[in-house]
Amino acid sequence: DQQVKQNSPSLSVQEGRISILNCDYTNSMFDYFLWYKKYPAEGPTFLISISSIKDKNEDGRFTVFLNKSAKHLSLHIVPSQPGDSAVYFCAASLDAGGTSYGKLTFGQGTILTVHP
Amino acid sequence: KAGVTQTPRYLIKTRGQQVTLSCSPISGHRSVSWYQQTPGQGLQFLFEYFSETQRNKGNFPGRFSGRQFSNSRSEMNVSTLELGDSALYLCASSQQGGFGKEAFFGQGTRLTVV
């Protein structure tokens, strides 16, 4: 049962344009969401997160949007840079780490390629 | 300070064998979580240890087990290996079991079962 889904296995974008990565979830009990970036031969690194009480969170070029009614979140990268090329994972937890004890539910990942 | 260290980085085992993977967390971190990454499945949570106690467990068979030592280093063991156990195994460390900026992943151990 895939509770967090990233339906686009890959995305190709031109440098300077916007990248939009999407994620859907089914468990309405999730209340904290995160995006991670992963380069080959490295572990995932944290990018940005959002609590379910918000609908938007920004950090520099990265913005995460949450639509609770649609159970959908998205990551916007503006402007996209070649160094952003990586696999992006969305993840969800039942709380902000308070009692989830290290457990995140991840999507399958989306490979982003930014062309110069 | 040093990051999360996983050893070995690569491993090849035969079906039916067992394997032990190691994770040394960031100094001062007491929580270690383990994940399995396979193509098309993303990362799946295996278990979490804090102060030598397993606090949380994912939906994996009993062949997957772990432990944590008093210095917070953690090991995971897979017995009676199957071809489907081929994956990247990642651990993450944090002070209390939190996420985001508080948690850091290691580079992973790539296990291949033949």
Side-chain angles (χ1 to χ4, degrees), chain A residues 1-10 21 23-25 27 30-52 54 57 59-60 62 64 86-111, chain B residues 3-6 9-10 23-26 29-51 53-60 66 68 72 74 76 87-110:
Chain A
D1 176 27
Q2 194 77 31
Q3 297 187 56
V4 177
K5 292 183 181 180
Q6 294 176 254
N7 292 316
S8 298
S10 63
L21 297 104
C23 180
D24 297 297
Y25 62 96
N27 189 342
F30 286 141
D31 68 356
Y32 188 63
F33 304 89
L34 307 90
W35 284 94
Y36 283 84
K37 177 169 73 173
K38 187 180 185 298
Y39 294 117
E42 294 184 15
T45 55
F46 169 72
L47 266 179
I48 191 169
S49 62
I50 187 166
S51 165
S52 60
K54 295 186 174 182
N57 188 28
D59 185 359
F62 302 92
V64 56
V87 181
Y88 288 77
F89 292 96
C90 66
S93 82
L94 295 175
D95 63 36
T99 57
S100 291
Y101 300 144
K103 181 178 181 179
L104 287 172
T105 301
F106 282 84
Q108 307 96 309
T110 296
I111 301 170
Chain B
V4 180
T5 304
Q6 291 189 246
R9 290 293 311 279
Y10 302 93
C23 174
S24 293
I26 290 171
H29 284 190
R30 295 160 65 190
S31 168
V32 175
S33 300
W34 288 89
Y35 288 84
Q36 180 195 65
Q37 184 190 357
T38 53
Q41 290 292 322
L43 283 74
Q44 294 183 287
F45 176 76
L46 282 154
F47 28 65
E48 187 257 7
Y49 285 87
F50 180 84
S51 292
T53 300
Q54 185 184 90
R55 293 193 301 185
N56 207 350
K57 190 176 186 303
N59 296 322
F60 278 82
Q68 187 179 35
S72 294
S74 178
M76 67 163 283
L88 180 68
Y89 290 88
L90 293 156
C91 72
S93 84
S94 65
Q95 289 187 338
Q96 300 288 336
F99 313 117
K101 294 179 182 178
E102 306 169 17
F104 300 86
F105 281 88
Q107 292 179 293
T109 294
R110 172 73 62 185

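Worth knowing before you read on, the calculation uses all heavy atoms, side chains too, and leaves out hydrogens, waters and symmetry mates. Given the structure is predicted, the values throughout are model-derived calculations rather than measurements. The sequence lines fix the lettering, A, B, ..., with proteins before strands; numbering per chain opens at 1.
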Discussion item. If I take atom CD from residue A/E42 and atom CG from residue B/L90, how far apart are they, to the nearest 0.5 angstrom?
Written reply: 11.5 Å

Item to complete: For residues A/K38 and B/L88, determine if any side-chain heavy atom of one lies less than 4.5 Å from a side-chain heavy atom of the other.
Response: yes

Worksheet item: Taking it one step at a time, do A/S93 and B/F99 satisfy side-chain contact (heavy atoms from CB on, under 4.5 Å)?
Response: CA-CA 9 Å; A/S93 82; B/F99 313 117; 3.5 Å; yes

Worksheet item: Quick one: CD on A/Q2 to CD on B/Q44, what's the gap to the nearest 0.5 Å?
Response: 7.0 Å

Item to complete: Return yes when atom NZ of A/K5 has more than 12 non-hydrogen atoms of other residues, nucleotides or ligands closer than 6.0 Å, and no otherwise.
Response: no

Worksheet item: Under a 4.5 Å heavy-atom cut-off, does chain B meet the side chain of A/F106, its backbone, both or neither?
Response: both

Worksheet item: What residue, out of B/K101, B/Q41, B/R110, has the most heavy-atom pairs lying under 4.5 Å from chain A?
Response: B/K101

Worksheet item: What option among A/K103, A/Q6, A/Q108 has the most heavy-atom pairs under 4.5 Å with chain B?
Response: A/K103

Fill in: Which atoms of A/L34 approach chain B - backbone, side chain, both or neither, heavy atom under 4.5 Å
side chain

Practice prompt. Write down the atom of B/S33, the atom of A/G102, and the distance for their closest heavy-atom approach.
Written response: OG-CA, 3.3 Å

Worksheet entry | chain B interface, residue from A/G107, A/P44, A/G109, A/G43 that has the most non-hydrogen pairs under 4.5 Å | A/P44

Worksheet item: Counting heavy-atom pairs under 4.5 Å to chain A, which of B/F50, B/F104, B/Y35 comes out on top?
Response: B/Y35

Worksheet, complete the sentence: Whatever's closer than 4.5 Å to a heavy atom in chain A on B/Q37 counts as side chain

Discussion item. Does any backbone or side-chain atom of B/L43 lie under 4.5 Å from a heavy atom of chain A? Answer side chain, backbone, both or neither.
Written reply: both

